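The shown structure was predicted, so the numbers you read here are calculated from the model rather than taken from an experiment.
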Amino acid sequence: MKADDALLRILACPIDKGPLALLAAEGALYNPRLRRRYPILDGIPQLLPSSGEQLSEADHERAVRQIEEAAEAEAEARAEQTEGAGS
């Protein structure tokens with residue numbers, strides 16, 4: 001699963017029904033509101049409430065940083081594409 005995967009836009013946390021963020025390096029989906037991480041096994045998100053793992057404060061902060069860094073990298077890539085298309 002990739003950050004731009006259409007499936008990611010429709011997947012939701014099984015507990016609060018809110019959006020999930022991709023933690024690509026960990027092969028997981030993350031709900032920062034509940035601090036729950038759901039594994040992706042063989043490309044299939046495991047979205048049963050019992051599959052989720054509660055993260056510690058330190059792990060939560062690390063996951064949020066990873067999400068922010070991925071968003072920044074994606075924004076930079078889009079900006080480069082826009083600049084390249086305009087030249």
S.K.: Can you check salt bridge (charged side-chain N to carboxylate O under 4.0 Å, His left out) on Arg78 and Glu74, steps first, answer last?
M.R.: CA-CA 6 Å; Arg78 271 196 232 117; Glu74 188 175 324; 2.4 Å; yes
S.K.: Write down the atom of Ser51, the atom of Pro39, and the distance for their closest heavy-atom approach.
M.R.: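 Taking Ser51 first and Pro39 second, the nearest heavy atoms are O-CD, 3.4 Å.
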S.K.: In this structure, would Leu47 and Leu34 fall into the same cluster of hydrophobic residues linked by side-chain contacts under 4.5 Å?
M.R.: yes
S.K.: Taking a hydrophobic cluster as the set of Ile, Leu, Val, Met, Phe, Trp and Tyr residues connected by side-chain heavy atoms closer than 4.5 Å, whether directly or through intermediates, do Ile67 and Leu55 fall within one such cluster?
M.R.: yes
S.K.: Is the backbone N or O of Pro19 less than 3.5 Å from a side-chain atom of Arg33, with the two atoms forming a donor-acceptor pair by type?
M.R.: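 Looks like yes, one N/O pair under 3.5 Å.
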S.K.: Side-chain contact test, heavy atoms from C-beta onward, threshold under 4.5 Å: evaluate it for Gln46 versus Pro14 and give yes or no.
M.R.: no
S.K.: If you measure from CG on Leu22 to CG on Leu7, what distance do you get to the nearest 0.5 Å?
M.R.: 10.5 Å
S.K.: For Asp16 versus Cys13, what's the shortest heavy-atom pair and its separation?
M.R.: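 Taking Asp16 first and Cys13 second, the nearest heavy atoms are OD1-CB, 3.2 Å.
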S.K.: Considering the options Glu53, Arg36, His60, which one meets the side-chain hydrogen bond (donor to acceptor under 3.5 Å, both in side chains) requirement together with Tyr30?
M.R.: His60
S.K.: Taking Leu23 as the starting point, is it possible to reach Ile40 by hopping between hydrophobic residues whose side chains are less than 4.5 Å apart?
M.R.: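 Not linked; separate clusters.
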S.K.: Examine Leu8 and Ile10 and state if one hydrophobic cluster contains both, with Ile, Leu, Val, Met, Phe, Trp and Tyr joined whenever side-chain heavy atoms are less than 4.5 Å apart.
M.R.: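 Yes; tracing contacts between hydrophobic side chains, which count when under 4.5 Å, links both residues.
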S.K.: Taking the side chain as C-beta and beyond, is there a heavy-atom pair between Ile15 and Asn31 under 4.5 Å?
M.R.: no
